[in-house]
Amino acid sequence: GCVRLKDPRGMAAAVLGIAILLYAVFAKKSDEELIREQLDELAQAVRVSGPDENPIFRGKRLHDKFEKLLVPNVRVDISELTQISSGRTELVGVATRAGTIFRSADVEIDASSVDLIAGGSSAMVSGSATLVGDRGNGTQRDQRRVSFGFAKTKDGWLIDSVVVAPPPAE
């Protein structure tokens with residue numbers, strides 16, 4: 001028959017141990033979830049909340065955020081930024097200047113596909129980015145196709161390339 005435990009604490013400890021193990025296995029975020037979180041962080045980082053944000057403080061905030069989001073030599077292909085082809089530092093400068101161009105700006109990144117490649121050490125993300133901003137003459141909306149490359153590093157998933165399609169012909 002039936003096995004009886006003399007000490008109910010032993011059974012409670014075993015059940016707790018199994019519960020912790022199951023939580024660890026099933027609660028771990030997938031690579032896709034981690035990548036989407038990085039894109040959400042990027043969108044939050046570049047938003048312009050108002051014209052009163054000090055450019056020095058904005059630059060420092062962006063520098064700190066970009067260190068956690070982008071590889072140092074991130075490759076960039078954005079038609080309006082022809083002078084920049086790579087570099088986290090250069091992107092900090094551009095994103096800092098956005099605070100002086102826009103009174104407010106929100107970016108939403110919709111990742112329609114996240115594909116793990118190279119045995120899971122890299123990823124390609126495609127989707128769209130929507131900028132809703134006000135330069136002082138009313139709110140404008142700009143939606144573009146985007147793609148991001150990600151590299152899995154010791155610090156997690158970092159963006160190693162950004163490609164933004166040119167604006168559609170009017």
Side-chain angles (χ1 to χ4, degrees), residues 29-118 120-153 155-170:
K29 292 183 180 178
S30 71
D31 286 327
E32 183 176 330
E33 288 172 310
L34 294 170
I35 288 168
R36 288 179 188 277
E37 284 179 1
Q38 287 291 80
L39 292 172
D40 290 343
E41 285 288 321
L42 178 64
Q44 283 299 312
V46 298
R47 74 185 299 268
V48 178
S49 55
D52 299 330
E53 186 176 20
N54 181 309
I56 294 170
F57 295 140
R58 179 174 172 79
K60 171 72 170 114
R61 180 178 61 77
L62 288 166
H63 176 271
D64 293 347
K65 279 288 192 185
F66 283 10
E67 276 189 345
K68 296 174 182 151
L69 296 171
L70 310 169
V71 299
N73 58 344
V74 58
R75 292 181 324 274
V76 181
D77 183 2
I78 304 172
S79 61
E80 292 88 345
L81 306 177
T82 54
Q83 74 279 15
I84 294 179
S85 61
S86 70
R88 183 169 60 204
T89 303
E90 288 80 1
L91 273 181
V92 167
V94 169
T96 300
R97 285 190 295 281
T100 63
I101 296 169
F102 290 95
R103 287 184 176 178
S104 65
D106 278 307
V107 175
E108 182 180 312
I109 299 170
D110 177 28
S112 54
S113 73
V114 177
D115 298 312
L116 297 178
I117 55 177
S121 63
S122 296
M124 289 302 300
V125 177
S126 60
S128 63
T130 305
L131 167 72
V132 177
D134 181 0
R135 295 181 185 208
N137 54 355
T139 302
Q140 297 175 329
R141 187 173 195 271
D142 183 11
Q143 184 171 19
R144 311 267 189 99
R145 301 292 312 150
V146 294
S147 64
F148 296 91
F150 278 82
K152 194 171 196 176
T153 71
D155 299 320
W157 285 101
L158 298 180
I159 299 167
D160 65 9
S161 68
V162 179
V163 177
V164 178
E170 306 258 349

>> side-chain contact (heavy atoms from CB on, under 4.5 Å), that's the test. Do L131 and F102 meet it? Break it down for me.
In response: CA-CA 11 Å; L131 167 72; F102 290 95; 3.9 Å; yes

Calculate, to the nearest 0.5 Å, the distance between atoms [atom1] and [atom2] belonging to [X] and [Y] respectively.
X	Y	atom1	atom2	answer
L91	L62	CG	CG	10.0 Å
E108	Q143	CD	CD	8.5 Å
E67	H63	CD	NE2	4.0 Å
N73	T89	CG	OG1	10.5 Å
D77	S147	CG	OG	8.5 Å
L69	Q44	CG	CD	11.5 Å

> Going through the distances and angles, do F66 and V46 end up as a side-chain contact (heavy atoms from CB on, under 4.5 Å)?
Replying inline: CA-CA 10 Å; F66 283 10; V46 298; 3.9 Å; yes

Considering all heavy atoms of both residues, which atom of [X] and which atom of [Y] are nearest to each other, and what is their separation?
X	Y	answer
V146	A129	CG1-CB, 3.6 Å
S112	R145	OG-NH2, 4.1 Å
A151	D160	CB-OD2, 3.6 Å
V74	S161	CG2-N, 3.8 Å
V92	G59	CG1-O, 3.7 Å

[X] side-chain N/O to [Y] backbone N/O, donor-acceptor pair under 3.5 Å:
X	Y	answer
R75	V163	no
R88	L70	yes
Q38	W157	yes

> Hey, does R135 have a side-chain heavy atom less than 4.5 Å from the side chain of I101?
Replying inline: yes

>> If the threshold is 4.0 Å, N to carboxylate O, is there a salt bridge linking R144 and D142?
In response: yes

> Pick one: which of K68, K60, R61 meets salt bridge (Lys or Arg N to Asp or Glu O under 4.0 Å) with D64?
Replying inline: K60

> Going through the distances and angles, do F148 and I35 end up as a side-chain contact (heavy atoms from CB on, under 4.5 Å)?
Replying inline: CA-CA 10 Å; F148 296 91; I35 288 168; over 6 Å; no

